[in-house]
**Q** 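Shown below is the structure under consideration.
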Protein chains: 2
Amino acid sequence: MTKRLAVSAPASLDDTDRALLAALAQDARQPVSELARLVGLSAPSTAERIRRLEAQGVIERFTVQIEPRALGFTLQAIVRVKPLPGQLHLVEDVIRRIPEFVECDKVTGDDCFVCRLYLYSIEQLDEILSKINDRAETSTAIVKSTPVARRLPPLG
Amino acid sequence: MTKRLAVSAPASLDDTDRALLAALAQDARQPVSELARLVGLSAPSTAERIRRLEAQGVIERFTVQIEPRALGFTLQAIVRVKPLPGQLHLVEDVIRRIPEFVECDKVTGDDCFVCRLYLYSIEQLDEILSKINDRAETSTAIVKSTPVARRLPPLG
DNA sequence: GATGAAATCCCTGTAAT
DNA sequence: ATTACAGGGATTTCATC
């Protein structure tokens, strides 16, 4: 399910916080001492800021970005899924359980879900979509390139 | 641009690699000693495996996941963008330069781009889309929830 | 060839300024 | 927020399987 979030005033970041988040986005495993050097603060202050950003919920987590092609996922697809009447929850569950769906958003409008899949082949795409094709209409787009890879939003 | 990738046989992972990637996905800043404990290896071996996964290109980078709502981005939109004839490159450039576009894929099919935006308000959405509306048709879906947040693909 | 063990070095976290 | 200090983690080397 969607994570619950404390509804509070948005955190306000200063320039140091912004520099810190940018540095962490680039390499989250950098030692605090190095991050401190980059943002021009002492290590303890830097560590304290990281803790604060986590406590505020600005930092959700530190994670690893995989290159799917290095694992043989030569195909990336964006699929819009429109469940048939009464099939919404079931379709959502099926999507959740198929690991090739690496991302899925429920959205307004005619197509209920927008999903991203990592795939080995077109045949596999067909095979996976057949698992929901009796419960939903799908429309598939194959990713040709990625002009903007996941990046940080403006940190106003 | 899309990053170039060495075209080679996909890396084959063993169970330890898989456990390691899963642990890193959960918390990329964990000390190597802790990761070692989790996967049942010594610290040096674990560090060596991390280096190997990076060298193989399986690990693209370690990064930080932001919670957009904690920064005041109460709205998330998925926008499909279909540039008018001759406007494709220009539209791509404009998208790249607007930081609220946090992700953009070029895809097959009628809609050329599928993009994700983080926004403060509907008014801001309107304002941003007006920057490309004379060069492209857009169709917008507002994210209501996220049944599957970005996760690792199956690590076969 | 890769893993495990020990020693050195560096980093992190705490407390005090 | 910084400095100093004590504790723990990381990396390198070496021995092992």
**Q** Please pick, from C:dG4, C:dT12, C:dT14, the nucleotide with the shortest atom-to-atom distance to any side-chain atom of A:Pro44.
**A**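 Selected nucleotide (nearest to the side chain): C:dT14.
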**Q** What orientation do A:Tyr118 and A:Phe73 show, parallel under 30°, tilted 30 to 60°, or perpendicular over 60°?
**A**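 The rings of A:Tyr118 and A:Phe73 sit tilted, inter-plane angle from 30° to 60°.
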**Q** Rounded to whole Å, how long is the line connecting atom CZ of B:Arg52 with atom P of C:dG1?
**A**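 After rounding, the gap between these two atoms is 15 Å.
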**Q** Nearest to the side chain of A:Ser42 - D:dT2, D:dA1, C:dA5?
**A**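 Of the options given, the side chain of A:Ser42 lies nearest D:dT2.
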**Q** What is the separation between atom CD on B:Glu34 and atom C1' on D:dG9, rounded to the nearest whole Å?
**A**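 After rounding, the gap between these two atoms is 12 Å.
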**Q** Between B:Thr108 and A:Ile142 (side chain of the first, backbone of the second, donor and acceptor by atom type, cut-off under 3.5 Å), is there such a pair?
**A**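 Side chain of B:Thr108 to backbone of A:Ile142: a pair is present.
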**Q** Rounded to whole Å, please give me the gap between CZ in B:Arg37 and P in D:dA10.
**A**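 In whole Å, D:dA10 P and B:Arg37 CZ are 13 Å from each other.
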**Q** Looking at B:Arg52 and B:Asp17, is any side-chain nitrogen of the basic one under 4.0 Å from a carboxylate oxygen of the acidic one?
**A**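 Looking at B:Asp17 and B:Arg52, the cut-off is met.
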**Q** Assess whether a salt bridge exists between A:Asp14 and A:Arg49, defined as any Lys/Arg side-chain N lying under 4.0 Å from an Asp/Glu carboxylate O.
**A**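 Yes, this pair counts.
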**Q** Starting at the 5' end of DNA chain D and moving along, which residue's nearest nucleotide shows up first, A:Ser45 or B:Gln30?
**A**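 The residue closer to the strand's 5' end, by nearest nucleotide, is A:Ser45.
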**Q** Tell me the closest heavy-atom pair linking B:Gln56 and A:Ala70, and the distance in Å.
**A**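 Smallest heavy-atom distance, with atoms named: O-CB, 4.1 Å.
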**Q** Identify which nucleotide among C:dA5, C:dT12, D:dA10 has an atom closest to any side-chain atom of B:Ser33, counting heavy atoms from C-beta outward.
**A**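 Of the options given, the side chain of B:Ser33 lies nearest D:dA10.
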**Q** Is a salt bridge present between A:Glu103 and A:Arg150, judged by a nitrogen-to-oxygen distance below 4.0 Å?
**A**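 Counted as a salt bridge, because a side-chain N and a carboxylate O are separated by less than 4.0 Å.
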**Q** By a strict heavy-atom criterion of less than 4.0 Å, which residues belonging to residues 14-24 of chain A are in contact with DNA chain C?
**A**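 By residue number: none to list.
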**Q** Closest-nucleotide mapping onto DNA chain D: is A:Glu48 or A:Arg29 further toward the 5' terminus? I mean the 5' end.
**A**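 Nearest-nucleotide comparison on DNA chain D picks A:Glu48.
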**Q** A:Leu35 CG to C:dC11 P: how many Å, rounded?
**A**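 About 12 Å, once rounded to whole Å.
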**Q** Counting only side-chain N and O atoms of A:Arg49, is one of them less than 4.0 Å from OP1 or OP2 of D:dA1?
**A**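 Checking D:dA1 against A:Arg49, a side-chain N or O does come within under 4.0 Å of OP1 or OP2.
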**Q** Of the candidate nucleotides D:dT2, C:dG4, D:dA10, which contains the atom at the shortest distance from the side chain of B:Val32?
**A**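 Looking only at side-chain atoms, B:Val32 lies closest to D:dA10.
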**Q** Using side chain to side chain donor-acceptor pair (under 3.5 Å), reason through B:Arg116 and B:Gln76 one step at a time and then give a plain yes or no.
**A** CA-CA 7 Å; B:Arg116 180 183 304 267; B:Gln76 208 176 137; 2.7 Å; yes
